[in-house]
Amino acid sequence: MIEASRIAQSIGFTLDRFIKNNQDQFQFATGELSQLLRDIALASKVVKREVNKAGLIDIMGPIGSSNSGGESQQKLDVLANIRFTRALSKGGEVCALISEETESFVDLNNEGKYVIAIDPLDGSSNIDVNVSIGTIFSIYRRKSSVGKAIAEEDILQKGSEQVAAGYVLYGSSTMLVYTTGHGVNGFTYEPTLGEYFLSHPDMKIPRQGKIYSINEGQSNHFPKSIELYVKYCKDNNYSARYIGSLVADFHRNLLKGGIYIYPQTLEHTTGKLRLMYECNALAFVIEQAGGKASDGQNRILDITPKSLHQRTPFLVGSIEMVEKAEEIRG
Ligand code: AHM
Ligand code: MG
C-alpha cells in the first residue's frame, strides 16, 4: 500500500508519470498493465473529443441497431466501442475483450496477459440532452496458457479477481478514476495540454452520506426491502439525486457520500445493470475507497458470473448506507 502522503505529494503529476512511479505495486510487473492503462487513457481522449462534438456533427441519436441486451444502440455507443477496441487490440497486452456492445467476447488471438471487460459508453441515452456519460472498465489476468484459445475460465472471472478497474466520466470536466487494488486515484483532463493530471489522490467515500440515488419512477415494483429503505431515506431527510447515468451518479456519491441503487423491477427482474462491465469495476473502486457494493445480500465481487451479460441488482456507496439497506428486510 502506498502511503497517502506519498500520493498527496503527487498532485499535479501526469497520469503517465503516476503510472510509471507506481508500477512496482503490481506483482510480477513487466509494464504491460501500465501500458494497458495508458491505452485506455488514450482511447478515452479520443472518445471525449467525439462526445464534445455531439450536436455539431451527425453523431447523436440511435443508429438503428441493438446491443447485447436488445437495447437501441446510439451512434456514439458504436463509435466508442470501435475506439476502445482499436486502442486495446493494438498493444498486444489484451488477449480477450468483453463489451456491452458485442454479443460474445472477442478473442484477439495473441499472447496478451490480460482480459478486459468494458462498457465503452454508459448512459448513452443521455448524450442527446448533453448530460454526463462514462466509460467503465475491468481488467483481469488471463488464466489459460498462452497459445491456447481463450477459455471460459478467462472470461467468467469473479470481480474479486480484477487486477485493475475504473471509469472515465465525460462531465463538466473529463476524469479518469482507477484502482489497482492500492487505493483509488482520480485524474482530471486538461484539454489544452491533452493530458490527465492527478487531481484527486487517494479518494475515500464518507462512511455515511445523505444522498440516495434510485429511479423512483419504478417504485411500484421495487422489492419490499428497497421500498422500506427508500422510506427510511425520506424519514431521515436524505436528498434524492438521480442523473440516470451510472458513472455520474456513482462519482458524485463517491465524493459526497451516498448510495446508488438499481434493484429488481418489473422490466428488469434480475436488475438492469451488468455484473461484468458495470458493477464489478465500480464495486472494486468503491471498496478501495472504503465503501461497499452488494446485490442486497451478497458482496458484488464474490458473485461468480454464469454469463457474459449477466445482470444483477446493485447497491453501492457509503458503507453505513449500504449496510442499512441490506439490514432492512421486506
Ligand atoms: P446503458 O448501459 O444502456 O447505458 O444503461 C445503463 C444506465 C445507467 O447509466 C443508469 O444508471 C441506468 O441505466 C438508468 O436506468 P433507468 O433509466 O432505468 O433509471
Ligand atoms: Mg451500460
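One-based numbering, in listed order, for ligands and for the atoms of each.
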Handout entry: Electrostatic pair Asp16-Arg38, nearest N-O below 4.0 angstrom
Key =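 Yes.
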Exercise for the section: Determine, for Glu267 against Lys272, whether the closest basic-nitrogen to carboxylate-oxygen distance falls under 4.0 angstrom. Expected result: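 Salt bridge between Glu267 and Lys272, a charged N being under 4.0 Å from a carboxylate O: no.
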Return yes if a side-chain donor-acceptor contact under 3.5 Å exists between [X] and [Y], otherwise no.
| X | Y | result |
| --- | --- | --- |
| Glu190 | Thr192 | yes |
| Ser44 | Tyr170 | no |
| Ser294 | Glu326 | yes |

Practice task
Please state whether the rings of Tyr232 and Tyr229 are parallel, tilted or perpendicular, taking 30° and 60° as the class boundaries.
Solution key: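 Parallel, since the angle between the ring planes stays under 30°.
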Practice task
Let me see the working for Asn253 and Ser213 under side-chain hydrogen bond (donor to acceptor under 3.5 Å, both in side chains), right down to the final yes or no.
Solution key: CA-CA 9 Å; Asn253 291 356; Ser213 312; 3.1 Å; yes
Practice task
First locate atom CD of Gln310, then atom OG1 of Thr312, and finally report the distance between them rounded to the nearest 0.5 Å.
Solution key: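 If I round to the nearest 0.5 Å, the distance is 7.5 Å.
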Handout entry: Which N, O or S atom of Glu100 lies nearest to the Mg ion (ligand 2), by name
Key =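 Glu100's closest N, O or S atom to the Mg ion (ligand 2) is named OE1.
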Practice task
Could you pull out the atom name of the N/O/S atom in Glu278 that is nearest the Mg ion (ligand 2)?
Solution key: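 Among the N, O or S atoms of Glu278, the one closest to the Mg ion (ligand 2) is OE2.
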Handout entry: ligand 1 N/O within reach of Gly123 N/O, cut-off under 3.5 Å
Key =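 Among all N and O atoms of Gly123, at least one is under 3.5 Å from an N or O of ligand 1.
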Handout entry: Backbone or side-chain N or O of Leu121 under 3.5 Å from ligand 1 N or O
Key =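 By distance alone, the answer is no.
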Going by the atom numbers of ligand 1, which of them fall below 4.0 Å from some non-hydrogen atom of [X]?
| X | answer |
| --- | --- |
| Asp119 | 2 (O) |
| Asn215 | 16 (P), 18 (O), 19 (O) |
| Leu246 | 8 (C), 9 (O), 10 (C), 11 (O) |

Exercise for the section: Answer side chain, backbone, both or neither: which part of Arg274 comes under 4.0 Å from ligand 1, heavy atoms only. Expected result: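 It is neither; nothing of Arg274 touches ligand 1.
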Handout entry: Side chain, backbone, both or neither: Glu278 near ligand 1, heavy atoms under 4.0 Å
Key =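 Only the side chain of Glu278 comes within reach of ligand 1.
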Handout entry: For atom 11 (O) of ligand 1, the option (of Phe250, Tyr277, Tyr260, Tyr262) bearing the nearest heavy atom
Key =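 Minimum heavy-atom distance to atom 11 (O) of ligand 1 goes to Tyr260.
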Exercise for the section: Just to the nearest 10 degrees, tell me the angle at the Mg ion (ligand 2) spanned by Asp122 OD1 and Asp119 OD2. Expected result: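 Rounded to 10°, it measures 90°.
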Practice task
Please state whether Asp249 comes within less than 4.0 angstrom of ligand 1, counting heavy atoms only.
Solution key: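 Asp249 does not count as a contact of ligand 1 under the 4.0 Å cut-off.
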